[in-house]
Amino acid sequence: MIPALGAQYLGAQLPGVDLVPATFNYAALSPILVVLGVATVGVLVEAFVPLRSRYAAQVGLTLAGLVAAFLLLVLLAVNHQTATAGLKVLGGAVLGSVIIDGPALFLQGTILVFAILGVLTMAERLGGVGADAFTPMGSATPGSGQEALALRAGSMTSEVFPLTLFAVAGMMLFPSAGDLLTMFISLEVLSLPLYLLTGLARRRRLISQEASLKYFLLGAFSSAFFLFGTALLYGYSGSVYLPDIAAAIPQGGSELNGLLVPGVFLVAVGLLFKVGAVPFHSWIPDVYQGAPTPVTGFMAAATKLAAFGAILRVVYVGIESARWQWSPAIAVVAILTMVVGAVLSVTQTDVKRLLAYSSIAHAGFILVGVLAFDRTGVSGVMFYLVSYGLTTIAAFAIVGLVRADGAEATHLSQWAGLGRRHPWTAGTFAFLLLAFAGIPLTSGFTAKFAVFEPALRSGATGTIMVVVGLLASAVTVFVYVRIIVLMYFTDSQNDAVAVVTPSVMTTIAITFGAAMTLVLGVWPTELLQLSASASQFLR
Amino acid sequence: MHTLTNGLGAYAGPVALAGEGPVTAVTASGITAYAWLLVALPALGAAILLVGGKRTNAFGPLLATLLSWGSFVVGLLVVISMAGRADADRAAHLHLFSWINVGSFNLDAGQRLDPLSMAFVLLITFVGSLIHVYSLGYMKDDPDKRKFFAYLNLFVAAMLLLVTADSYLLLYVGWEGVGLASWLLIGFWNDNPAYATAANKAFIANRVGDLGLSVAIMIMFFQFGHVDFASVDAGAANASPGALTAMGLFLLLGACGKSAQFPLQSWLGDAMAGPTPVSALIHAATMVTAGVYLVVRSHAIFEGSPTAQLVVVIVGAITLLFGAVVGCAKDDMKKALAASTMSQIGYMMLAAGLGPVGYVFAIFHLLTHGFFKAGMFLGAGSVMHGMNDQVNMRRFGGLRTVMTITWATFMMGWLAILGVPPFAGYWSKDKIIEAAFIGEGWRPWVFGLAALIGAGITAFYMSRLFFMTFHGKKRWTEDIHHPHESPLTMTIPMMVLAFGSVVLGAILGFGQTSLLQSWLNPVFGITAGTEGEPVLPANLLLGLTLVLVLAGAGLAWVRYVRDVVPEIAPHGNLVTQAARNDLYQDAVNEGALMRPGIHLTRSLVFTDTRGIDGAASGLGALVIGASTRLRKLQNGYVRSYALTMLAGVVIILGAVWVMQ
Amino acid sequence: MSLSHYIYLATILFSIGAVTVLLRRNAIIVFMGVELMLNATNLAFVTFARVHGTLDGQVIALFVMVVAAAEVVVGLAIIMAIFRARRSASVDSANLMKL
Amino acid sequence: MTGTGEAVGFWILGTLMVVAALGLVFVRKAVHAALCMAFVMINLGVLYVMEQAEFLGIVQIFVYTGAVMMLFLFVLMLVGIDSSDSIVETIKGQRVAGYVLGLGLAVVMFLALGSITLPATKGLEAVNNPADGGGNISGVAFLVFGKYVWAFELTSALLITAAIGAMVLAHRQRLTEKLSQREWSQRRVRENTYVAGLPAPGVYARHNAVDTPALLPDGTPSELSVSRVLVSRDQVATPITFHAAEQAIEAEIEDGSAR
């Protein structure tokens, strides 16, 4: 906080510059600040706490920080809730750079829940010294003596926990950023740790590093597009603040229109890349496959949520009034995304890749809701993100437990007959798959309904998208049922494949995810109402 | 600087609640307010048995049976209280909870308790509970008995949810629930791969049907904005015939899947792989009739679309003949009964498609059929119980003396299905035949004759089954020494059902305005005497039917009692062979309709990557082909990925530029 | 000379950067292509700042440099790690995962 | 509109920059590409100064070119040159498609930009040279610590992440005691391998460089004498040329003795 820079002083000094001093609303920022603070403490833990107690310290600290942040957030939301308007907005936390309004609170809370579940799965040790999913030493060459030595010496990359926290902070800021610069920086804050986490898998290190490289190069490529788009929009409106851009659109004459549309699309490229929309999706299968499985689950759930939150904000706060210029193209993207995601998942033979393609298809379904241009669309999208995320984290946590000779057995053929030997695990997984397929009585159905319904009402384009969406879901049903049949009705060929017994942490994550998948399918009203009351963006 | 704007369109508040539509359904009160117990009791049983695990092994089956009876008692009380009210007040609506609340779409979960649903409730809970009792004996030595009872309870709960739901969506939940329970029970002995495959076949045929149902619901939603019965009924009055036809046809597709009607009939025979009580309950008495319920429940839609109605009648007529022909050639006792079920449901479907004339008869036949068919299936189970699980009728014969009770109860069912007066079938089936002859032009002749001829064939194959099993010489295999009568837990339910087969028809159907008709009156609003006259005099039809039935039964007596029944099936002529092969329904389906489905099944169980190639044909081929081709774009080179991205950017920007 | 020439120059540099990403196999050069794209963006920001008469564009460009610097560190670390494992900095050799 | 001086500067620098940037696509050696890049960046700095962004121009040259590009060069040196430097295309159609798309991007952007007319340039004179003497640097500072202070603080998270990332991926913690020279020699004797140490590279008479293997008495090169890294990178010089010269001398001596 810079209290010394008073407004009068600045105004007197620089008449030509429109400067306003920074005002921090610490209360509104507190959850993010807690997460960032704990992350920094985590870095210090890395430096000062001896190896023996480092794991416990990091995991405890991280979980405590996340829970504290969540509680603060709940307090924040409850304090500003009124009976009629639902979640009241809090206003710009820092001069409009960070907007804490209904959607922001809702999405931040969800990210924290995802983060808690994600950290629970990441911290799984399975009897080892450090987290089982992560390499003992990131810098050691895969398969080298150094690596074996590190394993014996009991070293671990406990840095993953502070890194995760930094990513979480970035994710929380991403959908609440009020200007494109803050959005860009949050994008990087959430991406950089994820690039690193992707490359730290314990097993199949080469694939993991490859995933990291691909993610990084394509991510940097896409954020360059985002930035160029921001530059064009800045040129268009003279500001990077979303409300300023929105204000410029109606009065902007045709002479600058040439900047607006390319600017919007280039910004969209950066955001659509993060959600994995076709044709910006190609990183998803490779990265999801290569990353450590708990990271994949966390990433799939939380990044998608944060990025869709940012899309919602850009669309509804910034560029909605120009929507006739850009929404047809994005509708095409949505249709392509659903079709390509669904069709490609048919021929996948690796569970993680299959879920990755399914995640692409889901991004398409969610985009349909975004394009409804309606408050119910916003709440539908938010509901979809919550239910998809919870299901995804649980599903990837289960994938991480199915092992053959200590390594994850991700090839589909290895899952044959799993239902006979591990009925509970396979049953839960089958249920989660049904949720992905959108079968009624699972959250997947309610969620699909919540995004398709506003789209149907929005007009002809919406109807076309919904029809394509239904056809695509029909294709994906085949894919998921195939796995279920494989688990229950084929004879196992490989007795070496077994489900390892997880610790209580992973069990909590899986149970919570699966239970919520059921609850949100049978009794979605509460969350639907919450998301509806939190769907008003502050402009 | 910041203002709370509402530029995204006003937030749509809650709109009219479901169930408060124009149809006069009073809010449930008294015992009716506890109708949720109908579903809750068996659901609780399933939950206890599944969650409780092995601890409930000892008392679980008994508990499940008691809870099922509890459900029956609740149903009975509701019916009694309903009977005490005036016609107009009989339909009650019970609001359960606010279910889905998405923007402008509000749907509450609730139960619609009207005479139609309560008729089903009584059938399901009564037959279901009897079969619970029967299973106590039948499954006594099965190690997984507890799971079996849990699934049975689950089935009863789902089926009751299906018939008491107040909206298509909640009905769909029950619909899927019975599908799940059926799948679990068919594959109950899934250690045997053939049984597991059968379960899968049923699963897939049902999914095709479900797709139809869900599409129908989507159309309804799109058309009316609601999916509860009240609003749909109200909306159907003003909807365009085209939309109603679309809804009707998709509903029919759903009904065909669940009720094993042409062309989705092939799974029912294979479903006999499940334990026999399951076949009796699910695949004869209750679940397979859900399609009929759906069509009757949606009568407002079908009445608005003569085309859809005609298709229903055609499907019913085809299936009733189809099932009858197949039934003539089957040597597997259960499969013959399954074919008969298919055929009888064809009768109901036909009746339901005839319009207001036929609804009551469809439901009437459904109820009587539920009794006598369940009774016969239990009889079949009893025979299998005594004969080391044999099902080949050519190795039965002369069981009358050793299984007297089974023989006697089975005979009641046999007489009932034949339509011999005064047994139950006489009252219901002959009415359908009569109704089929009502109308103008070619229709009464085609459909009436189909129903009439069907009755004759039915008499033949059912008598064949009865005689081959219980009469004639013993043709038992060597390993069977002492066939024995089943224990009381099994025979008592059989006796109860046999009693029903005898008297139920007369109770419900006697008189000018029968009991059932006046009971269902508030639902359909039919008054007696409005149905018109058949093209042939009713008495002549009755006589013709009886003659055909006698002829059929006589032929069977000549061939299977007087003549010697060969232990190995004779080669037979082309027709027999075709019938034996289910009239090549699998082949036909595979070639024309089910081909994608079959290939799906195959690829569903693939275990290696090459399995995918095997799936490459039919509809799936399109998707899989596209998938294989698209896959090549994912070549692993990061530069290619970047290329895709840049191409996307350039194409979008270029396209937008061109548009402007 | 109109200021839009600067924007045209930025666009050209941005496109060249993108082509570099598509065509070069050395991960480090690919990464330099991304850097070139970011620099082109900065040029656009600085030019638009001049058009609008505010310093915001310059400040944003400054932040972009900071972000790019952080990105460079992470990126080069990842490239180094891959090089150590594979003895190759070619982005094409990293294609174990496909289809 | 700008002055003539700026126009001339723009056209010269702009042309040079585009040519240098194209070098990134076309030059074969990675080091040359990096130098091209550095050249573009320095010119960008100059353009910034021309555009009244003095602070940014200086930062661009000092920090970006001076630090970031040097980091690039440093890593390039570490990684060395290998086949990846080649500009021969291995993915079918990639090169053509790349050119087409690059050109396409430029064309669509040009079309879009061609349709705009920038508003009258306000210029930065008012903010850069106000009457009270605060300059460009103060103006930027006030914005960084005023309006954009949150972004500024947020970058700290990025920098910490980058630091941890570099540590995680590049820092190798020493897990075993470092052996002293004495211990090394003791171990060699104990294991009885290379007791006298590995052969030194390239010291055979005519040549000495670490990439040249030593020649064994029978004239074959000794793999042991060069670093494994060089071998795997295929950067080992062949000793055949020296060997041939050697034989030529020997032949000459023989000839002489026979004469």
Side-chain angles (χ1 to χ4, degrees), chain B residues 1-11 103 596 599 603 606-660, chain D residues 18 21-30 32-34 36-37 40 72 75-76 79 81-118 142-143 145-151 165 169:
Chain B
M1 178 178 174
H2 296 292
T3 47
L4 186 69
T5 56
N6 198 357
L8 303 178
Y11 171 61
H599 282 295
S603 57
F606 86 104
T607 47
D608 60 351
T609 45
R610 283 182 309 158
I612 290 166
D613 303 332
S617 101
L619 241 186
L622 192 73
V623 172
I624 290 166
S627 187
T628 319
R629 239 155 266 144
L630 272 176
R631 240 181 137 192
K632 300 215 171 89
L633 286 178
Q634 194 76 12
N635 59 5
Y637 292 113
V638 72
R639 297 191 292 140
S640 291
Y641 299 173
L643 186 83
T644 329
M645 286 173 62
L646 187 60
V649 173
V650 173
I651 289 170
I652 291 177
L653 288 180
V656 171
W657 172 257
V658 171
M659 294 291 193
Q660 288 178 346
Chain D
V18 171
L22 284 173
L24 217 51
V25 183
F26 293 109
V27 299
R28 205 176 64 79
K29 287 194 170 168
H32 294 169
C36 286
M37 182 74 195
V40 174
F72 265 103
V75 173
L76 265 181
V79 166
I81 50 161
D82 63 13
S83 59
S84 68
D85 282 0
S86 152
I87 48 171
V88 178
E89 188 51 60
T90 47
I91 308 176
K92 201 176 136 200
Q94 177 87 7
R95 182 146 285 258
V96 177
Y99 290 145
V100 169
L101 286 178
L103 205 63
L105 181 64
V107 167
V108 289
M109 288 304 302
F110 270 48
L111 286 175
L113 292 172
S115 71
I116 64 165
T117 20
L118 287 178
F142 282 130
L143 274 182
F145 296 111
K147 196 174 173 185
Y148 293 104
V149 67
W150 177 248
L169 289 182

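These numbers come from a predicted model, not from an experiment. Sequence lines set the chain letters: A, B, ... in the order given, protein chains first and strands last, and positions in each chain run from 1.
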Would you compute the distance between atom CG of B/Asn635 and atom CD of D/Gln94 and round it to the nearest 0.5 angstrom? 8.0 Å
Check D/Leu101 against B/Val650 and note the closest heavy-atom contact, atom names and distance. O-CG2, 3.7 Å
Taking every heavy atom of D/Ala97 against every heavy atom of B/Leu643, the minimum-distance pair comes out as CB-CD1, 3.9 Å
